[in-house]
Amino acid sequence: MENSTQCSQMNGGTNMMPGSGQEESKTNLIVNYLPQTMTQDDIRSLFASIGELESCKLIRDKATGQSLGYGFVNYKGAADAQKAINSLNGLRLQNKTIKVSLARPSSESIKGANLYISGLPKSMTQLDLENLFSKCGSIITSRILCDPQTGTVAGGIPVKWFDGSRNGEDEDAGEGSSSNENQSISKGVGFIRFDQRSEAERAIKQLNGTIPEGATEPITVKFANSPSSNKNALPIPPVAAQYLTPTRRFLGPIHHPAGRFRFSPLDSGQLLPNNLITGNTMNGSGWCIFVYNLAPETEENVLWQLFGPFGAVQNVKVIRDFATQKCKGFGFVTMTNYEEALMAIQSLNGYTLGNRVLQVSFKKHKNT
DNA sequence: CGACGGGACGC
DNA sequence: CGACGGGACGC
């Protein structure tokens, strides 16, 4: 129905449509990369702050009920939908950067259009990859996997903003110099999602086994695995579950103009430890939590997953030995709200992770 | 048992 | 050799 060149391939443009007069469904949005803990109501309240909604749906795993990390938000008016894209696309929520874009009309032909590509030269950038595949069709998303370890910059969020699927590349304007010395090292594998499955099939036929210009080895192009297997993600959102009952569900957004509601179950001011009132751990922007007895191979995502369910997590840090890059057994988590930090500590202190019993407390002052 | 980072006024 | 994203189309 739509002219294959819909708004899907918006390279080169910003996220406001240049001037193509496509008046299809400009009210329905797809929201991707939602934090695991966000509920449908969380999403609704976030997007309803922009304008009146027609509907809102979080997609969940049918069997487990777990969020699949994306959903659909349909506005009554197209202007509000566009406004939501402009203001919420790229919003950081917990450890995620959400993506907000127009949803394509649901159709069989767009399913199974995701490709897995391996054997890429390390020097190949996301843009190179797109250039290679764009001749086969309209690219929705592209991505090159990078070594996670190099991405652990202070701030804990290795997100380099998302895929070049929408605004081509503004990275040249970004860090100026970082283009060459690619701070993160490509693993030589990547993904391309096409608009249509037929385009993906074409890409396999045309590009599988071929050697990219300037490369020496052929690449492998195949369909990506179905996203059914849940590889990462801790066994369970530990004890946090009991705090996430409907009666006291809380929204996780860290900082967003629309000040969110916040419950405060504890009013007794003396709950604050003495050494905390002075502001030792209260860094002006958050409460720093010390986590002890982490396994040597612990990575940042473990801390995100452990603490995320309790509320707004600003930052996590796994302390590693410089030489071995193994975790030294402890790490830090900074949470925005005291109540949430306290609940996380109370719930996770003594929690058995793997075969280790965690010790979790507010970070102590350096010299006391 | 053990155990609390790292960068950092920047007008 | 290698390896499945941050779960992208209504679960």
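Given the structure is predicted, the values throughout are model-derived calculations rather than measurements.
- A distance cut-off of 5.5 Å between ring centres, combined with a plane angle under 30°, leaves A:Tyr70 outside any stacking arrangement with the base of C:dA8.
- OP1 or OP2 of C:dG7 has at least one side-chain nitrogen or oxygen of A:Lys96 nearer than 4.0 Å.
- In this structure the side chain of A:Phe330 never reaches within 4.5 angstrom of the side chain of A:Val318, judged on heavy atoms.
- Annotation: of the two residues near DNA chain B, A:Gln359 and A:Lys328, the 5′-most nearest-nucleotide partner is A:Gln359.
- When the P atom of B:dC4 is taken as reference, atom NZ of A:Lys364 falls 8 Å away, rounded to whole Å.
- What separates CD1 of A:Ile30 from C1' of C:dG7 is a distance of 11 Å, to the nearest Å.
- A donor N or O paired with an acceptor N or O is found under 3.5 Å between the base of C:dG10 and the side-chain atoms of A:Asn28.
- For A:Arg197 and A:Phe223, the positive end sits near the middle of the six-membered ring, less than 6.0 Å away and at most 45° from its axis.
- For the pair A:Arg320 CZ and B:dA3 C1', the computed distance is 18 Å after rounding to whole Å.
- You cannot call A:Phe332 stacked on the base of B:dC4; the centres under 5.5 Å and planes under 30° rule is not satisfied.
- A:Tyr116 places its OH atom 16 Å from the C1' atom of C:dG6, with the value rounded to the nearest Å.
- Contact of the A:Met343 side chain with the A:Ile345 side chain is not registered, since no non-hydrogen atoms from C-beta on lie closer than 4.5 Å.
- Base orientation for B:dC9: syn, the chi torsion being within 90° of 0.
- Proximity of A:Arg193 to the phosphate of C:dC9: a side-chain N or O atom is located under 4.0 Å from OP1 or OP2.
- Atom CG in A:Asn208 sits about 18 Å away from atom P in C:dA3, given to the nearest Å.
- Distance CZ (A:Arg356) to P (B:dA3): 14 Å, rounded to an integer number of Å.
- The nearest whole Å value for the distance from the CD1 atom in A:Ile289 to the P atom in B:dC4 is 17 Å.
- Contact check, A:Ser118 against C:dG2: no side-chain N or O comes under 4.0 Å of OP1 or OP2.
- Nucleotides C:dA8 and C:dC4 have their P atoms positioned 15 Å apart, rounded to a whole Å.
- Between A:Phe362 and A:Tyr338, the ring planes are parallel. Angles under 30° get that label, and only those over 60° would be called perpendicular.
- Look at A:Arg104 and you won't find any side-chain N or O under 4.0 angstrom from OP1 or OP2 of C:dA8.
- Each of C:dA3, C:dA8, C:dG10 was ranked by its minimum atom distance to the side chain of A:Lys222; first place goes to C:dA3.
- Using a 90° window around 0 for the glycosidic torsion, C:dC4 falls inside it and is classed as syn.
- Using a 4.0 Å cut-off, some side-chain N or O of A:Lys111 falls inside it from OP1 or OP2 of C:dG10.
- Phosphate contact (OP1/OP2 of B:dC4, side-chain N/O of A:Lys317, threshold under 4.0 Å): absent.
- One N or O on the side chain of A:Asp321 and one on the backbone of A:Ala323 form a donor-acceptor pair closer than 3.5 Å.
- For the pair A:Thr298 (side chain) and A:Leu294 (backbone), a donor-acceptor distance under 3.5 Å is absent.
- Between the CG atom of A:Asn293 and the P atom of B:dC4 there is a distance of 13 Å, given to the nearest Å.
- Distance from the side chain of A:Tyr33 is smallest to C:dG6 among C:dG6, C:dC11, C:dC4.
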